[in-house]
Amino acid sequence: MPELLEVEYYRRAAERAVGRRIAGVELPDAWFARALPSLDGLGALLVGDRVAATDRHGKLLLLECGRGPVLGLRFGMTGRLVVDGHAAIEKLEYASGRDDPAWERFALTFDDGGRLVVTDPRRLGSVSLDPDRSDLGPDAATVTVTELRRALAGTTTSLKARLLDQSRLAGLGNLLVDEILWRAGLGPLRPAGGLDTAEVRRLHRHLQATITELDGRGGSHTGDLFPARRPGGRCPRCDGSLRRDRAGGRTTVWCEHDQR
DNA sequence: CCGGATGTTCACCT
DNA sequence: GAGGTGAACATCCG
């Protein structure tokens, strides 16, 4: 489920772990550890250490430990974070098996008996150690208009594909991009480098406002366009029929009348 | 039964 | 090199 907003909710939940001592590491699924150089030593590195701080860069959640190692958590499409039995987000898509222990892919146990658990039915997420952040663009929640202009400049690839490119701008996923472009009135198939200065400013303004507003509402799926994301859906603004295209490899819903 | 799904990575084309 | 496409990962949902 996560885009930047959901991972930010996870980060806030992970704040509960700050200051607590790690008593054990559970990594029952070797596939989930594919971003780790090796499983050996992970426990020795972390057990006895304390979680010192949390951070987030795009969709990457970071747990900084006192002795220096930084745990990187990626959640793919269906990863969730549960701390001490409390899910950071209660409403989710796989409700039937939400507590299925078989979906637990990674856990830290604390010496007070609590646990920080990543569950992920589809196993598209991963755990890494000291993740390389140099391949991530500026975080979308704090990107400046200058940085945004730079992220879009000099390419003929579509606006949609460029905004999804985590190496150019980190944090936006399929739902947020469609919502932001719809609000900004910009066509997703336009060349990213073709926006003029006023359009980039407009995009930046709607990007910021959308992130702030949907953060308050409860996540990426609370956008105004979201209910219309189905075949036959109509534009909430003009009631025109919405288009469905592939852009950036993802289903893209947009209004040809309002987005130019 | 089939296609699609809030993501990432890689092989393979053009 | 840039950009696009499709597959893979695994499970649930309509």
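These numbers were taken from a predicted model, which means no experiment stands behind them. To find a chain, count down the sequence lines: A is the first, B the second, and so on, and within it residues start at 1. Excluded from the calculations below are hydrogen atoms, water molecules and symmetry mates; all remaining heavy atoms, backbone and side chain alike, are included.
- We find that CZ of A:Arg250 is positioned 13 Å from P of B:dT9, with the value rounded to whole Å.
- On the P atoms, B:dT8 is 23 Å away from C:dG1, given to the nearest whole Å.
- Taking atom CZ of A:Phe75 as the reference point, atom C1' of C:dA10 lies 18 Å away to the nearest angstrom.
- Between C:dC9 and A:Arg123, no contact under 4.0 Å exists linking OP1 or OP2 to a side-chain N or O.
- Using modelled atom types and a 3.5 Å distance limit, the side chains of A:Arg11 and A:Thr54 yield a donor-acceptor pair.
- The CZ atom of A:Phe226 sits 11 Å away from the P atom of B:dA5 (whole-angstrom rounding).
- Within the 4.0 angstrom heavy-atom criterion, no nucleotide atom of any strand lies near A:Ser126.
- The side chain of A:Arg246 places no N or O atom within less than 4.0 Å of a non-bridging phosphate oxygen (OP1 or OP2) of C:dT5.
- Pairing for B:dC2 is with C:dG14, a Watson-Crick or G-U wobble pair whose two hydrogen-bonding atom distances lie under 3.5 Å.
- For the pair A:Lys160 NZ and C:dT5 P, the computed distance is 13 Å after rounding to whole Å.
- In this structure, A:Leu159 places its CG atom 13 Å from P of C:dG3, rounding to the nearest Å.
- One interatomic measurement links the two molecules: CG of A:Leu164 to P of B:dT8, which rounds to 9 Å at whole-angstrom precision.
- The side chain of A:Arg122 places no N or O atom within less than 4.0 Å of a non-bridging phosphate oxygen (OP1 or OP2) of C:dC12.
- The phosphate of C:dG4 has OP1 or OP2 within less than 4.0 Å of a side-chain N or O from A:Thr157.
- With respect to A:Asp29 and A:Arg34, no salt bridge is recorded, no charged nitrogen being found less than 4.0 Å from a carboxylate O.
- By the side chain to side chain contact (heavy atoms under 4.5 Å, CB included) test, A:Arg133 pairs with A:Asp55, A:His57, A:Leu60, A:Leu62, sequence neighbours left out.
- Closest contact between the side chain of A:Arg74 and the listed nucleotides C:dG3, B:dT8, C:dT11 involves B:dT8.
- In this structure, the CG atom of A:Leu60 is 10 Å from the P atom of B:dT8, given to the nearest Å.
- At B:dA5, one or more side-chain N or O atoms of A:Thr251 fall inside 4.0 Å of OP1 or OP2 (strictly under the cut-off).
- A side-chain donor-acceptor contact under 3.5 Å links A:Thr251 and A:Arg246.
- At whole-Å resolution of the value, CG in A:Leu124 and C1' in B:dC10 are 15 Å apart.
- Out of C:dA2, B:dG7, C:dC12, the shortest distance to the side chain of A:Trp103 is found at C:dC12.
- In the model, A:Glu26 has no side-chain atom that pairs as donor or acceptor with a side-chain atom of A:Thr109 under 3.5 Å.
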